[in-house]
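Notes follow the structure.
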Amino acid sequence: MRPSDGADACVIALDVGGTGMKGALLDREMRAQATMRFRTPRADGPDAVLRSIADALRELRDRAGERGLTVRRAGVVVPGIVSEATARAVYSANLGWRDLPLAELLEARCGLPVTLGHDVRAGGFAEAVLGAARGVRDVLFVAIGTGIAGALVQDGTPLSAGGHAGEIGHLVVAPDGPACGCGNRGCLETLASAAAVAARFTARSGREVDGARGVAQLLVRGDPDARAVWEDAAEALAVSFAAAATLLAPELIVVGGGLAEADELLLSAVRSRLDPRLPFQRRPALVRARLGDTAGCLGAGLYAWRAVDAGDRAGVRPGSP
Ligand SMILES: [Zn+2]
């Protein structure tokens with residue numbers, strides 16, 4: 001079934017973020033044989049970012065060669081709107097891309113077959129295969145950071161919908177709420193992202209704070225402004241999760257990213273507000289992500305191995321003409 005999978009086989013996994021890229025060589029058991037980090041030269045424009053991704057893939061391929069490893073394929077995950085089906089980066093405000101045939105461009109530049117994916121969907125898939133949602137078939141993965149992004153795994157498969165699925169951060173939870181970068185008002189991420197929690201605390205109290213983590217510390221000490229902001233965030237998350245539970249009925253909601261580092265403090269506040277909103281729906285368990293900031297890179301590796309297997313089943317080497 002796996003014709004050229006000796007012990008030396010690996011895939012390249014690369015998670016491209018707005019400031020940096022995390023790369024790894026992953027063997028069949030998903031063990032990292034090497035890891036490398038690279039800078040994303042976002043300020044230099046989309047072409048420079050594309051060049052640097054190709055350079056990163058070549059460096060990882062060279063590293064594999066030095067270690068006597070055979071690279072079967074590369075998995076690359078990027079932010080924005082990504083269509084896995086057409087292997088195109090449809091849109092990224094962060095990296096300046098519009099409708100870029102990214103897998104094809106990278107294949108031409110580095111001579112490796114490339115599978116393209118979305119960073120958060122890949123992270124959610126990794127949590128479903130290797131992390132907090134292992135063995136669970138219906139999962140909502142929510143990454144809370146500067147913004148809020150989501151990924152759905154339905155019946156064991158990441159839901160893409162042409163790259164548009166999972167934008168839970170832009171569910172409107174307060175129609176008259178704060179303006180969102182997307183043009184709407186009162187999106188979930190204007191109330192509950194790590195950046196929003198810190199900014200709202202400062203706007204309300206006039207006090208600077210060390211991010212959402214700082215707000216959490218003040219909350220524990222009984223600070224009333226921290227409590228008010230925290231409760232707004234928990235309420236907004238509960239409203240959004242209830243909508244997701246009603247429409248999609250995930251068994252499990254996995255929360256990752258910076259704000260979730262505040263751990264049970266956040267999850268218990270959301271949990272107590274979520275359950276009363278679900279009188280008849282399947283009630284999802286709410287847990288913390290396990291893979292931390294390696295989830296996207298592991299997801300890229302899983303995508304690559306999945307494509308290798310699909311190619312092997314079809315009797316062709318993936319990437320061959
Ligand atoms: Zn929005």
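For clarity, every value in this text was computed on a predicted model and none was experimentally measured. Numbering of ligands and ligand atoms starts at 1, following listing order.
- Tested against Asp309 for a salt bridge (charged side-chain N to carboxylate O under 4.0 Å, His left out), the candidates Arg72, Arg28, Arg73 yield a single pass: Arg28.
- Residue-environment remark: CD (Glu208) stays at or below the threshold of 12 foreign heavy atoms within 6.0 Å.
- Of all protein N/O/S atoms, those lying under 2.8 Å from the Zn ion (ligand 1) come to 4.
- In this structure, Glu107 contributes its side chain and Pro113 its backbone to no donor-acceptor pair below 3.5 Å.
- Among the candidates Leu286, Val153, Ile168, the single residue satisfying the side-chain contact (heavy atoms from CB on, under 4.5 Å) test with Leu140 is Ile168.
- For Arg283 (side chain) and Asp275 (main-chain N/O), a donor-acceptor pair under 3.5 Å exists by modelled atom type.
- In this structure, the ring of Phe125 has its center less than 6.0 angstrom from the ring center of Tyr303.
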